[in-house]
Each structure stands twice: as structure tokens, then as C-alpha cells.
Amino acid sequence: MHEASIALSLIDVASEVLAEHGAARASALTVRIGQWSSVVPEALQAAFPACAQGTPLEGARLEVVTVPGVGECPQHGPVTLDVTRGLRCPVCDTPTPTLLQGDELELDALELAES
């Protein structure tokens, strides 16, 4: 499950942010995951608690914000893509090779725990 390695990477990044702000612990973190990122949010949420044990994020709540895929159709401009249809315009079925959003995997917010 590659979500465990993703959880470990998120914990590393969040731990660095905590250190930069002189904070000891986090109570929550919010992650933005694009529908086209190949990350399974449920698997990430399942892996996170075990990966966070013994770190400043142990016990922290992981919130996932799903980012829809948006492609650039040459005829219709930005369009929301349906993952089951692939990179094709939902209006005219034209290929939309440019993905404007939807492949994100970002630490969006970190809530510091009260001391």
C-alpha cells in the first residue's frame, strides 16, 4: 500500500512545519487529494494513525479534501472531468490532455495542539 509511504511523507512535512513554528504537537491536518492523483483517500486515512505513532502527529485527525479533475477542452475551456471517462471533455468528448487541477497531493493546513 503506497498510502503508508504517503502518510509517512506527510508526517515528515508536518513535523518540519511544527518545528519551524516551535510547536510540539498537531491536533489535525488537512490534505488536498486530487481525484487523478492515484491516492486512495480511505487507504491514506486507514494508514495514517499507525504511521503517526510516536510522532508529533500521534492522535491527530486527518481531514481529506477531494479536488475534482478539471481539464482544458480546446472548444469549451475548463471542464470538470469524470474519472470513468478519462481525459475527455464531458460535453463534446474531445481529448483534454491538459489537466488544470485534480492531481494534487498537498498538506493544506495544520492545526497546532494546545500545550
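Predicted model, so just to flag it, every value in this text is computed and none were measured.
If you chain together hydrophobic residues whose side chains sit under 4.5 Å apart, Leu81 and Val70 never meet in one group. Linking Ile, Leu, Val, Met, Phe, Trp and Tyr whenever their side-chain heavy atoms come within less than 4.5 Å leaves Val67 and Val40 in two separate clusters. At a threshold of 4.5 Å between side-chain heavy atoms, the hydrophobic network of Ile, Leu, Val, Met, Phe, Trp and Tyr places Leu44 and Leu107 in one connected group. Linking ILVMFWY residues whenever their side-chain heavy atoms come closer than 4.5 Å, directly or via other members, leaves Trp36 and Val65 in distinct clusters. With hydrophobic clusters built from ILVMFWY side chains whose heavy atoms lie under 4.5 angstrom apart, Val83 does not share a cluster with Ile33.
With respect to Val39, the side-chain contact (heavy atoms from CB on, under 4.5 Å) criterion is satisfied by exactly one of Asp103, Val64, Leu105, Val31: Leu105.
You'll find the side chain of Pro74 reaches within 4.5 Å of the side chain of Thr94, heavy atoms only. Within the 4.5 Å cutoff, the side chain of Pro78 has heavy atoms near those of the Leu100 side chain. Taking 4.5 Å as the limit, some side-chain heavy atom of Gln101 sits within range of a side-chain heavy atom of Pro68.
Between the CD atom in Glu3 and the OG atom in Ser9 there is a gap of 12.0 Å [rounded to 0.5 Å]. The distance from atom CD1 of Ile6 to atom SG of Cys51, rounded to the nearest 0.5 Å, is 10.5 Å. For the atom pair OG (Ser37) and CG (Leu99), the distance works out to 10.5 Å, reported to the nearest 0.5 Å.
Considering all non-hydrogen atoms of both residues, Pro95 and Arg88 come closest at CG-NH1, 3.6 Å. Between Leu110 and Ala26, the closest heavy-atom pair is CD1-CB, 3.7 Å. Closest non-hydrogen pair, Ala47 versus Ala4, comes out as CB-CA, 3.9 Å.
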Is there a side-chain contact (heavy atoms from CB on, under 4.5 Å) between Phe48 and Leu10? Walk through the geometry before answering. CA-CA 9 Å; Phe48 181 78; Leu10 286 169; 5.6 Å; no
Check step by step if side-chain contact (heavy atoms from CB on, under 4.5 Å) holds for Gln75 and Cys89. CA-CA 9 Å; Gln75 296 176 30; Cys89 176; over 6 Å; no
Is there a side-chain contact (heavy atoms from CB on, under 4.5 Å) between Leu57 and Leu18 once you walk through the steps? CA-CA 10 Å; Leu57 281 92; Leu18 288 172; 4.1 Å; yes
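Salt bridge Arg61/Glu111: present, at least one basic N to carboxylate O contact under 4.0 Å. Under the 4.0 Å criterion applied to side-chain N and carboxylate O atoms, Arg85 and Asp93 are assigned as salt-bridge partners.
With hydrogens and angles left out, the side-chain atoms of Glu72 and Thr96 include no donor and acceptor closer than 3.5 Å.
Formation of a donor-acceptor pair under 3.5 Å by the Gln45 side chain with backbone atoms of Ala43 is not found in this model. Distance alone, capped at 3.5 Å, is enough to place a donor-acceptor pair between the Arg25 side chain and the Glu58 backbone.
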